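These numbers come from the heavy atoms of this one structure, side chains and all, not from hydrogens, waters or symmetry mates. None of these values were measured; they are calculated from a predicted model.
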Amino acid sequence: MSSGFPFAAPFKEIKGSPIRELFKYLSTPGMISFAGGYPAPELFDIPGLQASISTQASTLQESMSYGATEGLPVLREILATLCTQRGIQAGKDDILVTSGSQQAYELLVRALIAPGDTALVERPAYPAAIQGLRLAGANIITVGVEEDGTDLEELARLLQQHQPKFFYCVPTFANPSGITLSLEKRKKLLALLATTNCLLIEDDPYGQLRFGGESLPTLAELARSTPTQDQVIYLSSLSKTVAPGLRIGWMIAHPDILRRCVLAKQVGDMCSAPFMQAVAAHYLNSGRYAQHLPYIINTYRQRAQCMLNAFSADFDGLLKLVRPEGGMFIWGYLPADINATRLLPLAIDEKVMFVPGSGFYADQPDENAFRLSFAMSNEAQITEGVTRLRKALDRY
């Protein structure tokens, strides 16, 4: 009977997330995972979150009711202040609270993309961003990435040829590449968009996790008071800096865009959980967020350096690795005769996991590329995991 179910066209032949497919191996005893792009649970500020949860328990009756689709006013005020500290001028009415920035992106796809519409993503790109467009029936066009971010010459050609609805990018510590768009390119990108009607979705879940280099303004900040101000949509989240289980993200966009995303969210989940919004608001307002974030950043700095050092020691220059200045990922390239997808089963046999790069491409996949996350493993696990990867490579 299953073959006869009346699935909509995008769901008839569908592939799952290449990262989620590896989840079943996490329960293998002794497995070391460099695969998932998840923050380390041991770095969560549990005492601070417990204090906020306890405080909100006194208003439990109120927070168990439905809330405004736009989000709790108190949380939106605090998020507006947080964004102002990042250089992004926003008031509470400019913000829509979502169930993670993933939902914010999905709402935008629903509001902006009809089957056959064109959207741009980077090559490589976050798989869920690609999947969301595929399910919407979009025409997906990809633009290459260089050492300092998006290939703007290619982007200029694509904007002219395809007139896309939007360009989705993660300009700071990108998932999966870890690359950061340079300041010069940020300015040129906005200048390019000013000659088009293309919207820019700036996804910024990792921007607060900088552990090297100089801080850069967001595209949303650079666009302020310029012709592209209304074209930039800013997304962010507490998932990578506080805890993903809160499911708190947000969107800043032109009122016409927010209004339509609010309607789309009402159809989806009515509102993000008011209790978790209240907990997040209390936590951010308590000062614990600002106090705890440097600890997370310093830990990721040490883990990233440990991973780079281990590869340098064990792989004798066989790999090309992209050194990140923040975030959670290291992107790499195997030698030309090594296919990352074929290497993975051998790595799993050695009880270590990574994500082959091909899963991050909407087209033109690089079969030698791979992504590593240093976030969830301690330094001893990282060192051992890299040794196991070398054993897998030797077996290949």
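In this structure, the side chains of Ser236 and Arg86 come closer than 4.5 Å at one or more pairs of heavy atoms. Within the 4.5 Å cutoff, the side chain of Leu108 has heavy atoms near those of the Cys261 side chain. Residues Asp204 and Leu235 are not in side-chain contact: their nearest non-hydrogen atoms beyond the backbone lie 4.5 Å or more apart. Inter-residue side-chain proximity for Leu209 and Lys240 is flagged as met; some heavy-atom pair is nearer than 4.5 Å. Between Gln163 and Thr118 there is no side-chain heavy-atom pair separated by less than 4.5 Å. In this structure the side chain of Leu238 reaches within 4.5 angstrom of the side chain of Leu284, judged on heavy atoms. Contact annotation: the side chain of Asp256 never approaches that of Asp230 to less than 4.5 Å [non-hydrogen atoms, C-beta and beyond].
Between the side chain of Thr84 and the backbone N or O of Ala80 there is at least one donor-acceptor pair closer than 3.5 Å. Checking side-chain atoms of Gln229 against main-chain N and O of Arg224 turns up no donor-acceptor pair under 3.5 Å.
Between Phe315 and Phe311, the two ring planes are tilted [angle within 30° to 60°].
Judged by distance alone, the side chains of Thr150 and Glu122 do bring a donor and an acceptor atom under 3.5 Å apart. There is a side-chain donor-acceptor pair under 3.5 Å between Tyr126 and Gln102.
Remark: Asp366 pairs with no residue by the salt bridge (charged side-chain N to carboxylate O under 4.0 Å, His left out) rule, at least two apart or across chains.
Separating the CD1 atom in Ile330 from the CZ atom in Arg323 is a distance of 8.0 Å, to the nearest 0.5 Å. Distance CG/Asn309 to CD/Gln302: 12.0 Å, rounded to 0.5 Å. Within the model, atoms OH of Tyr234 and CD1 of Ile201 stand 14.0 Å from one another, a figure rounded to the nearest 0.5 Å. The CG atom of Leu389 lies 9.0 Å from the OG1 atom of Thr387; values are rounded to the nearest 0.5 Å. Here His292 contributes atom NE2 and Leu43 contributes atom CG; the two are 6.5 Å apart, rounded to the nearest 0.5 Å. Atoms CG and CG, on Leu79 and Asp94 in that order, are 12.0 Å from each other to the nearest 0.5 Å.
Exactly one of Asp151, Asp148, Thr180 qualifies for a side-chain hydrogen bond (donor to acceptor under 3.5 Å, both in side chains) with Lys185. That residue is Asp148.
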Checklist entry - Checking side-chain contact (heavy atoms from CB on, under 4.5 Å) for the pair Asp45/Tyr295: CA distance, chi angles, key distance, verdict? => result CA-CA 10 Å; Asp45 179 15; Tyr295 170 67; over 6 Å; no

Next on the checklist: Quick one, Tyr333 with Phe370, criterion ring pair (Phe, Tyr, Trp, His ring centres under 6.0 Å). Give me CA distance, side-chain angles, the key distance, then yes/no.
Outcome noted: CA-CA 6 Å; Tyr333 299 91; Phe370 60 94; 7.8 Å; no

Side chains of residues 343-362: which donor-acceptor partners sit under 3.5 Å, not counting sequence neighbours?
from	atom 1	to	atom 2	distance (Å)
Glu350	OE2	Arg395	NH1	3.2
Lys351	NZ	Pro29	O	3.0
Ser358	OG	Thr341	OG1	3.4

Between side-chain atoms of residues 244-253 and protein atoms elsewhere (two or more places apart, or another chain), which donor-acceptor pairs fall under 3.5 Å?
from	atom 1	to	atom 2	distance (Å)
Arg247	NH1	Ser239	OG	3.3
Arg247	NH1	Pro244	O	3.1
Arg247	NH2	Ser99	O	3.3

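A ring-centre distance under 6.0 Å is found for Tyr168 and Tyr105.
Between Arg210 and Glu325, at least one side-chain N (NZ, or NE/NH1/NH2) sits under 4.0 Å from a carboxylate O, which counts as a salt bridge. Taking the charged nitrogens against the carboxylate oxygens, Glu154 and Arg123 do have a contact shorter than 4.0 Å, which makes a salt bridge.
Residue Glu13 qualifies as open at atom CD: its count of foreign heavy atoms under 6.0 Å is 12 or below.
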